[in-house]
Amino acid sequence: MAEILPLKAWRYNESLDQNIEELTSPLFDVVSTKQREALYRKSVNSIHLSVPRGDAPAEEAAILLQEWKDNGILVQDSLPGIYVYYQYFRLPGSDKEYCRKGFICNIKAYDWSEQVLLRHENTIPTAVNDRIDLLEKTELNTSPTHGLYTDPEFILEPFMDESIKSPIYETEDYQGVRDVLAIIHDNTVIELFLKTLETRQILLADGHHRYEGSLEYRKKMTSLNPDHTGYEAYNYHLMYLTNSEHDDLRILPTHRVLQQIAMTDEEFLHQLESYFVVTPKEDPYELNEVILGKKWAFGLYLSGNAYKLRLKPEIHNQIDWMFPDEVKDLDLTVMHYFVFEKVLGVLREEQRDMPGLSYERNFTACISKVDTGAARLALITNEVSMEQVKRVCHSGAIMPQKSTFFYPKVICGFLFSSIKEDEFITAPAACL
């Protein structure tokens, strides 16, 4: 189903990439203001292309990109390849070193209706427009989105394992993750990658806005080209693909933090008891542990007091949102329906832009925000499982906002993918 292609990536000149950690940057949607300002002070850091600034940021990024090409700061690889990308990381409370294995390639920007690439969350139009403008002006994918394919036989892993023994980059990023990049140039192996993926659907794990930017750009260029063939460079998008069957694929929970609620603590707890078994807990720092692995269970830290919430099972069928069972079954659907809509009175369509609602992935930070008065309460949740993501994607439905956080994030700056016609490897050429 999925058509992928090798690419001739643009990468930093060898005279610069000895200090690759000075050139990489976080993705545009996770870089903090403090990180951003520090990175802008580095004149050739990748952030100048991925998150440009100025009065006309996309136009300025395009001018800068051409300068970098002309001055040899960026150089295009002479041969097309599949770029193997491994991320080694640890999680709090565990001594295990995980390794997320994957590879970077170009993939056709399929429309959602084609059911080749499946999504699990909605996008924000303004963010998509920003990505379209940058792509149109630069004709460059500055960072890969993250997609998942399913291969229980692990056909490609032996070739990736062999390739990663000879890395071209190895560095530690802002997350404390060790990032390693290698290239496969062998035509026979590349053909195996292409053939393996052509029978698979892809689940979009991360980068919905960047992907939809490519999709909308493809639609625009198609409408403007009377000789459209489907092989043009504008049809493709840069993606990092990982096997959904790998044990080291991690999805971290995203907790909810509220600055204020329009009721007393007593009123809030009393209303919660209509739907949940509410159990006081002594130590707020154990809230993530007391709910671990328990369905429809949450931690609540309210004005300095800790509680475990567990939905009364007979209440679950009261959910009347027009969702398939795969979505109704999710912990976050339960939270957003019973806590936000039923108790707090915030309708589903208003929750996405609810004033004072923020999302926090660091459990300790949730407790700290309540203790310091920066928030009134924090709702602690379990992670979404890979199987739940699959079920929701295949149902055609969408998860509640901020449901998944695939960890770690990929970084920007290892490579860039051009969609200029004279810099792109077409599908026919890749199959020679």
Side-chain angles (χ1 to χ4, degrees), residues 29-30 111-113 115 117-132 203-213 215-216 251 253-263 267-268 271-272 274-276 295-298 300 302 309 311-312 315-361 366 369 375-384 388-389 391-406:
D29 55 348
V30 296
D111 191 274
W112 307 119
S113 63
Q115 292 292 294
L117 196 139
L118 309 177
R119 58 180 168 175
H120 70 271
E121 70 176 40
N122 279 320
T123 53
I124 302 171
T126 53
V128 174
N129 292 338
D130 171 71
R131 294 296 99 186
I132 296 172
L203 310 183
L204 188 56
D206 193 28
H208 286 68
H209 291 95
R210 281 170 289 147
Y211 180 81
E212 191 150 319
L215 176 58
E216 292 303 314
I251 308 173
T254 302
H255 313 298
R256 274 56 175 156
V257 177
L258 274 171
Q259 288 183 352
Q260 196 52 264
I261 55 174
M263 60 182 74
E267 290 170 334
F268 183 56
Q271 292 202 39
L272 284 173
S274 299
Y275 309 104
F276 298 90
K295 190 174 184 178
W296 304 334
F298 311 96
L300 168 65
L302 172 67
L309 309 181
L311 185 74
K312 298 173 182 177
I315 297 294
H316 183 262
N317 61 12
Q318 292 184 15
I319 298 177
D320 58 6
W321 287 347
M322 299 301 291
F323 290 160
D325 290 340
E326 292 86 350
V327 178
K328 288 184 179 180
D329 196 53
L330 298 173
D331 286 348
L332 285 174
T333 301
V334 167
M335 178 195 289
H336 279 266
Y337 182 82
F338 289 106
V339 179
F340 286 89
E341 182 160 300
K342 291 302 181 183
V343 173
L344 296 177
V346 182
L347 298 177
R348 179 170 63 89
E349 56 270 20
E350 299 170 350
Q351 292 176 16
R352 190 174 184 88
D353 300 312
M354 181 178 174
L357 171 62
S358 60
Y359 305 91
E360 179 58 64
R361 297 176 182 103
C366 291
K369 286 183 177 181
R376 175 83 173 278
L377 67 89
L379 286 160
I380 309 304
T381 187
N382 282 310
E383 65 188 39
V384 176
Q388 287 176 313
V389 173
R391 287 198 295 269
V392 171
C393 284
H394 289 293
S395 76
I398 301 296
M399 287 184 171
Q401 65 269 26
K402 303 291 184 181
S403 289
T404 60
F405 184 81
F406 286 84

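Distance check: Glu212 CD to Asp111 CG gives 9.0 Å after rounding to the nearest 0.5 Å. Cys393 SG to Ile398 CD1: the interatomic distance, rounded to the nearest 0.5 Å, is 8.0 Å. Interatomic distance, CD1 of Ile132 versus NE2 of His209, reported as 11.0 Å (0.5 Å rounding). Here CG of Leu215 is found 12.0 Å from NE2 of His208. Values are rounded to the nearest 0.5 Å. Annotation: the span from Phe276 atom CZ to Met335 atom CE amounts to 8.0 Å, rounded to 0.5 Å. Summarising the geometry, atom CG belonging to Leu117 is positioned 8.0 Å from atom CG belonging to Leu203; distances are rounded to the nearest 0.5 Å.
Counting heavy atoms from C-beta on, the side chains of Leu300 and Leu272 come closer than 4.5 Å. Using a 4.5 Å heavy-atom cutoff, the side chains of Phe298 and Ile380 are not in contact. By the 4.5 Å heavy-atom criterion applied to side chains, Trp112 and Leu204 are counted as neighbours. Within the 4.5 Å cutoff, side-chain heavy atoms of Arg256 are placed close to those of Leu332. Contact annotation: the side chain of Tyr275 approaches that of Gln318 to within less than 4.5 Å [non-hydrogen atoms, C-beta and beyond]. No side-chain heavy atom of Phe323 sits less than 4.5 Å from a side-chain heavy atom of Leu330. No side-chain heavy atom of Phe405 sits under 4.5 Å from any side-chain heavy atom of Glu383. In this structure, the side chains of Leu379 and Leu309 come closer than 4.5 Å at one or more pairs of heavy atoms.
His394 places no side-chain N or O within donor-acceptor distance of the main-chain N or O of Leu118, the cut-off being under 3.5 Å. Arg376 contributes a side-chain N or O that, together with a main-chain N or O of Ile261, makes up a donor-acceptor pair within less than 3.5 Å. Listed for the Thr333 side chain is a donor-acceptor partner under 3.5 Å among the backbone atoms of Val327.
Test Lys369, Lys402, His255 against Glu360 for side chain to side chain donor-acceptor pair (under 3.5 Å) and you get one pass: Lys369. Between Lys295 and the options Leu311, Asn382, Asp329, a side-chain contact (heavy atoms from CB on, under 4.5 Å) holds for only Asp329.
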N/O donor-acceptor pairs under 3.5 Å from side chains in residues 339-348, not counting sequence neighbours:
unit_1 : atom_1 : unit_2 : atom_2 : d
Glu341 : OE1    : Trp321 : NE1    : 3.2
Glu341 : OE1    : Arg348 : N      : 3.0
Glu341 : OE2    : Trp321 : NE1    : 3.3

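Scored by the side-chain contact (heavy atoms from CB on, under 4.5 Å) test, Glu267 finds Met263, Thr264 as partners (sequence neighbours excluded). The side-chain contact (heavy atoms from CB on, under 4.5 Å) check on Arg391 picks up Glu326, Glu387, Gln388, with sequence neighbours excluded.
Between Ser403 and Val384 the shortest heavy-atom distance is O-CG2, 3.4 Å. The minimum heavy-atom distance between Phe406 and His120, with the atom names listed, is CE1-CE1, 4.2 Å. Minimum heavy-atom separation, Val389 to Met399: CA-CE, 3.6 Å.
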